[in-house]
Amino acid sequence: MTIFDTAATVDIARTLLGATLRVGKTAGIIVETEAYLADDPASHSCNGRSRRNGSMFLSAGHAYVYRSYGVHWCFNVVTGPAGVGEAVLVRALKPVDGIATIAERRGIVWDGSDAFNIPAGGGAAMKALCSGPGKLCQALGITGDMDGSIIGPDSPVSITLPDRVTSDRAPAGILATERIGISKGKDRLYRFVPADGELRRWISRPK
DNA sequence: CCAGTGATTCTCT
DNA sequence: GAGAATCACTGGC
């Protein structure tokens with residue numbers, strides 16, 4: 001039993017801010033999420049199960065990975081019980097581990113310096129590594145192979161939640177905004193980003 | 001701002 | 001089945 005089973009999808013989207021998403025030797029801190037609900041016109045699940053969205057109806061803690069615009073992969077954490085069809089889209093990361101590998105996958109020149117020595121303020125190139133749902137999948141090597149797989153410490157894809165009490169990683173304030181790139185369901189403020197602080201630097205779009 | 005991109009889904013025959 | 005519409009995006013102006 002994890003938070004993915006017990007909390008509402010919108011709450012999970014908020015809780016995931018500050019969590020570490022790891023795939024192999026690459027990892028980043030989640031700084032931007034969006035919730036997609038069962039009764040939500042913007043959700044892939046709103047018209048029922050199909051070939052593409054099948055894994056969105058798995059039980060909480062599975063990965064839903066789909067191809068967007070025919071070219072990019074997007075990564076979601078399935079929430080709620082099996083058969084419901086709710087998930088949280090991960091939209092941006094602050095890269096923290098395996099940055100040389102990430103830069104290479106993204107086709108961005110990295111000078112080879114210590115991967116943990118992130119330049120103060122993060123340069124434009126750093127920001128471009130994981131500041132979007134398609135970018136972070138390319139950065140971490142997430143592909144359709146991982147669609148329907150279970151997320152966990154013993155799986156290729158893992159998520160470590162921040163310690164709310166002792167960690168300075170979890171953002172103190174969270175801002176809820178309109179979701180990006182949708183045409184329906186714009187009235188729902190289901191996109192979550194840090195309201196301020198260092199993590200906010202890494203989100204895909206200011207507003 | 002906007003073009004490229006191609007899989008998936010929708011709407012008819 | 002075929003043709004059209006629709007995108008939970010990115011990168012380059």
Is there a side-chain contact between [X] and the phosphate of [N], meaning an N or O under 4.0 Å from OP1 or OP2?
| X | N | answer |
| --- | --- | --- |
| R67(A) | dC9(C) | no |
| S50(A) | dT9(B) | yes |
| R49(A) | dT9(B) | no |
| N53(A) | dT9(B) | no |
| H72(A) | dT10(C) | no |

Compare the minimum distances between each of [options] and the side chain of [X], then state the nucleotide with the smallest one.
| X | options | result |
| --- | --- | --- |
| K135(A) | dA8(C), dC7(C), dT10(C) | dT10(C) |
| S68(A) | dG11(C), dC10(B), dC9(C) | dC9(C) |
| Y36(A) | dC7(C), dA8(C), dT5(B) | dA8(C) |
| R51(A) | dT9(B), dC10(B), dC9(C) | dT9(B) |

Atom pair distance, as rounded to whole Å: [atom1] in [X] and [atom2] in [N]:
| X | N | atom1 | atom2 | value |
| --- | --- | --- | --- | --- |
| H44(A) | dA7(B) | NE2 | C1' | 12 Å |
| D147(A) | dA7(B) | CG | C1' | 14 Å |
| R179(A) | dC9(C) | CZ | P | 11 Å |
| D40(A) | dC7(C) | CG | P | 13 Å |
| R191(A) | dA8(C) | CZ | C1' | 12 Å |
| E34(A) | dC7(C) | CD | C1' | 14 Å |
| F192(A) | dA8(C) | CZ | P | 18 Å |
| Y66(A) | dT9(B) | OH | P | 13 Å |

Name the nucleic acid region contacted by [X], choosing base, sugar-phosphate or nothing; use a 4.0 angstrom heavy-atom cut-off, strictly under.
| X | answer |
| --- | --- |
| N76(A) | base |
| I182(A) | sugar-phosphate |
| R205(A) | nothing |
| R52(A) | sugar-phosphate |

Problem set entry | For D187(A), all residues meeting salt bridge (Lys or Arg N to Asp or Glu O under 4.0 Å), sequence neighbours excluded |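 Applying salt bridge (Lys or Arg N to Asp or Glu O under 4.0 Å) to D187(A) gives none.
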Exercise. Taking N76(A) for the side chain and Y64(A) for the main chain, is one N or O donor matched with an acceptor at less than 3.5 Å?
Worked result: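 Looks like yes, one N/O pair under 3.5 Å.
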Problem set entry | Derivation and outcome, ring pair (Phe, Tyr, Trp, His ring centres under 6.0 Å), residues H44(A) and Y66(A) | CA-CA 10 Å; H44(A) 288 171; Y66(A) 70 93; 4.6 Å; yes
Exercise. Given the rule that a pair is Watson-Crick or G-U wobble with both distances under 3.5 Å, how would you write DNA chain C in dot-bracket, using | for pairs to a different strand?
Worked result: |||||||.||||.
For this session: Would you kindly say whether S55(A) and D147(A) are connected by a side-chain donor-acceptor distance under 3.5 Å?
Result: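 Side chains of S55(A) and D147(A): pair found under 3.5 Å.
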Problem set entry | I30(A) with M146(A), same ILVMFWY side-chain cluster at under 4.5 Å |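 Looking at the clustering, M146(A) is in the same group as I30(A).
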For this session: Identify which one of V10(A), V88(A), I180(A), V193(A) satisfies the side chain to side chain contact (heavy atoms under 4.5 Å, CB included) criterion when paired with E34(A).
Result: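 Between E34(A) and the candidates, side chain to side chain contact (heavy atoms under 4.5 Å, CB included) is satisfied uniquely by I180(A).
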Problem set entry | Face-to-face contact Y69(A) to dG6(B) six-ring, under 5.5 Å, under 30° |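 By the stated criterion, Y69(A) and dG6(B) do not stack.
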Problem set entry | Worked verdict on I29(A) versus L199(A) for side-chain contact (heavy atoms from CB on, under 4.5 Å) | CA-CA 8 Å; I29(A) 296 172; L199(A) 289 183; 4.2 Å; yes
Problem set entry | Earlier contact from the 5' end, DNA chain C, for Q138(A) and S183(A) |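 Between the two, 5'-proximity favours S183(A).
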Exercise. Can you name the nearest heavy-atom pair linking V90(A) to L136(A), along with the distance?
Worked result: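 Here V90(A) and L136(A) meet closest at O-CD2, 3.3 Å.
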Exercise. Taking the P atom of each, how far is dT11(B) from dA8(C), in whole Å?
Worked result: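 Per the computed distance, 16 Å lies between those P atoms.
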Exercise. Is R179(A) close enough and on-axis enough to Y36(A), meaning under 6.0 Å and within 45°, for cation-pi?
Worked result: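 Yes, R179(A) and Y36(A) form such a contact.
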